[in-house]
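Data block below; observations after.
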Amino acid sequence: MRMAFELQMLAAAVVLGLVHLFWAAAAAQPQRGLKWNVGPRDTPVELAGMAGRLERAFANFRETFPFFAAAVLVAYLGGRLGTLTTYGAVLYVGARTVYVLLYAFGVPVVRSLVWLASMVGLGLILAALVI
């Protein structure tokens, strides 16, 4: 039996989250240093440049991903998968992928529009639950 496309997109979003995590950690390492990383981390280290942007992009991903995951799972379990959930999942994952790149390289305005596109994708999935 083939896995539902929306569940495949959920798995892709998990992979994207791991890319966020590892990319942000790797970018922060030179600024924070090994001593901070292996220590108790009692004193926060403010990150600058790309490392700071990647940390903020990952925080933003962590804010939206649970809603995406819940919406996809409710749509799947509720038998509401269809065109809206397919397009919504693609839009969310695609926009979130572009978003991290735009944020990492400091692209303003377009980044915010891409974030909005990811929210439209989430909205499409939610719409499928009530339409």
Side-chain angles (χ1 to χ4, degrees):
M1 184 173 184
R2 190 162 182 260
M3 183 187 302
F5 179 76
E6 291 82 351
L7 293 179
Q8 293 175 13
M9 288 291 94
L10 180 55
V14 169
V15 170
L16 178 59
L18 291 172
V19 169
H20 267 283
L21 172 67
F22 291 122
W23 193 11
Q29 170 58 31
Q31 291 183 38
R32 288 183 170 146
L34 183 61
K35 183 177 179 183
W36 186 89
N37 279 331
V38 299
R41 300 179 180 187
D42 290 334
T43 306
V45 174
E46 187 72 28
L47 297 172
M50 184 181 282
R53 292 190 301 272
L54 286 168
E55 182 176 74
R56 292 186 299 276
F58 184 44
N60 184 273
F61 178 81
R62 292 190 317 267
E63 292 170 352
T64 66
F65 174 75
F67 297 111
F68 173 70
V72 167
L73 292 173
V74 168
Y76 175 74
L77 294 172
R80 304 297 294 190
L81 299 182
T83 304
L84 285 176
T85 58
T86 297
Y87 288 136
V90 168
L91 188 54
Y92 177 84
V93 174
R96 291 307 311 200
T97 301
V98 172
Y99 178 86
V100 68
L101 295 170
L102 292 172
Y103 210 146
F105 292 100
V107 178
V109 182
V110 176
R111 181 197 84 224
S112 297
L113 294 173
V114 170
W115 177 88
L116 183 59
S118 75
M119 292 299 98
V120 169
L122 179 56
L124 289 174
I125 298 168
L126 293 173
L129 301 178
V130 296
I131 293 178

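Side chains of Thr86 and Leu81 form no contact here, defined as non-hydrogen atoms less than 4.5 Å apart. Two residues are said to be in side-chain contact when any heavy atoms from C-beta on lie closer than 4.5 Å; Thr97 and Val19 fail this criterion. With contacts defined as side-chain heavy-atom distances shorter than 4.5 Å, the pair Val107/Arg53 does not qualify.
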(Q) Before you tell me yes or no, could you show the steps for Tyr76 and Glu6 under side-chain contact (heavy atoms from CB on, under 4.5 Å), namely the whole-Å CA-CA distance, both residues' side-chain angles and the distance that decides it to 0.1 Å? (A) CA-CA 8 Å; Tyr76 175 74; Glu6 291 82 351; over 6 Å; no
**Q.** Criterion side-chain contact (heavy atoms from CB on, under 4.5 Å) on Leu10 and Leu73, from CA distance to verdict
**A.** CA-CA 9 Å; Leu10 180 55; Leu73 292 173; 4.0 Å; yes
Q: Apply side-chain hydrogen bond (donor to acceptor under 3.5 Å, both in side chains) to the pair Thr64 and Tyr92, showing each step before the final yes or no.
A: CA-CA 10 Å; Thr64 66; Tyr92 177 84; 2.9 Å; yes
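Considering every non-hydrogen atom in both Glu55 and Ala24, the closest pair reads N-CB, 4.2 Å.
Under the side chain to side chain contact (heavy atoms under 4.5 Å, CB included) criterion, Ser112 pairs with no residue, sequence neighbours left out. By the ring pair (Phe, Tyr, Trp, His ring centres under 6.0 Å) test, Phe61 pairs with His20, Phe65, sequence neighbours left out.
Within the structure, no pair that satisfies the salt bridge (charged side-chain N to carboxylate O under 4.0 Å, His left out) test touches residues 108-125, not counting sequence neighbours.
Of the candidates Leu126, Leu129, Ile131, Ile125, Leu84 forms a side chain to side chain contact (heavy atoms under 4.5 Å, CB included) with just one, namely Ile131.
More than 12 heavy atoms of other residues, nucleotides or ligands lie within 6.0 Å of CZ in Phe5, so this atom counts as buried by the packing criterion.
With Gln31 contributing its side chain and Ala48 its backbone, the two residues share a donor-acceptor pair below 3.5 Å. Side-chain atoms of Arg80 do not come within 3.5 Å of backbone N or O of Ala75 as any donor-acceptor pair.
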